[in-house]
Amino acid sequence: MIYWVIYDISKNKIRSKIANICKDYGLKRVQKSIFLGILTQNKAEMLALEVQNVLKKQKKDNIKDKIFIVPAGKEDYAKKIVMGTLDEKVINKPEVIFLE
């Protein structure tokens with residue numbers, strides 16, 4: 001399944017850790033605080049646990065931090081509307097995203 005990881009994190013250190021975790025799971029950066037890629041349900045849950053552990057360690061600093069891990073099926077993703085300049089390899093060519 002395709003997953004979006006979207007976050008709003010105030011501290012650079014935490015934001016970098018979350019970005020590195022996303023990259024470790026093979027997700028591709030779409031924007032500074034948005035990653036996209038294919039994960040199994042199990043991998044998505046493991047990702048969520050890792051992210052949660054990072055946030056727990058920084059509890060005092062992350063009161064307002066938000067992270068969304070959002071699944072999207074192929075049909076829904078195919079209906080996306082893309083505007084602006086984006087990396088075509090990641091966003092505009094679904095066949096690249098759907099290879100498993």
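What you are looking at is a predicted structure, and each value in this text was computed from that prediction instead of being measured.
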How close do Y25 and E50 get, heavy atom to heavy atom, and via which atoms? OH-OE2, 2.6 Å

List the atom pairs, with distances to 0.1 Å, where a side-chain N or O of residues 37-47 and a protein N or O form a donor-acceptor pair under 3.5 Å, not counting sequence neighbours.
unit_1: T40; atom_1: OG1; unit_2: K43; atom_2: N; d: 3.0
unit_1: Q41; atom_1: OE1; unit_2: Y3; atom_2: OH; d: 3.1
unit_1: Q41; atom_1: NE2; unit_2: E45; atom_2: OE2; d: 2.9

Interatomic distance, CG@L36 vs CD1@I2, rounded to 0.5 Å, equals 6.5 Å

Apply side chain to side chain contact (heavy atoms under 4.5 Å, CB included) to I34 and list each qualifying residue two or more places apart in sequence or on a separate chain. W4, I6, V30, Q31

So, for G73 and M1, which heavy atoms are closest and what is the spacing to 0.1 Å? N-SD, 4.1 Å

For Q52, side chain to side chain donor-acceptor pair (under 3.5 Å) partners two or more places apart: none

Partners meeting side chain to side chain contact (heavy atoms under 4.5 Å, CB included) with K23 (sequence neighbours left out): N20, R29, F35

If you take all heavy atoms of C22 and V5, which pair is closest and at what distance? SG-CG1, 3.7 Å

Approximate separation, where rounding is to 0.5 Å, of D65 CG and I14 CD1: 5.5 Å

Hey, could you give me the CG/NZ distance between L55 and K17, rounded to the nearest 0.5 Å? 10.5 Å

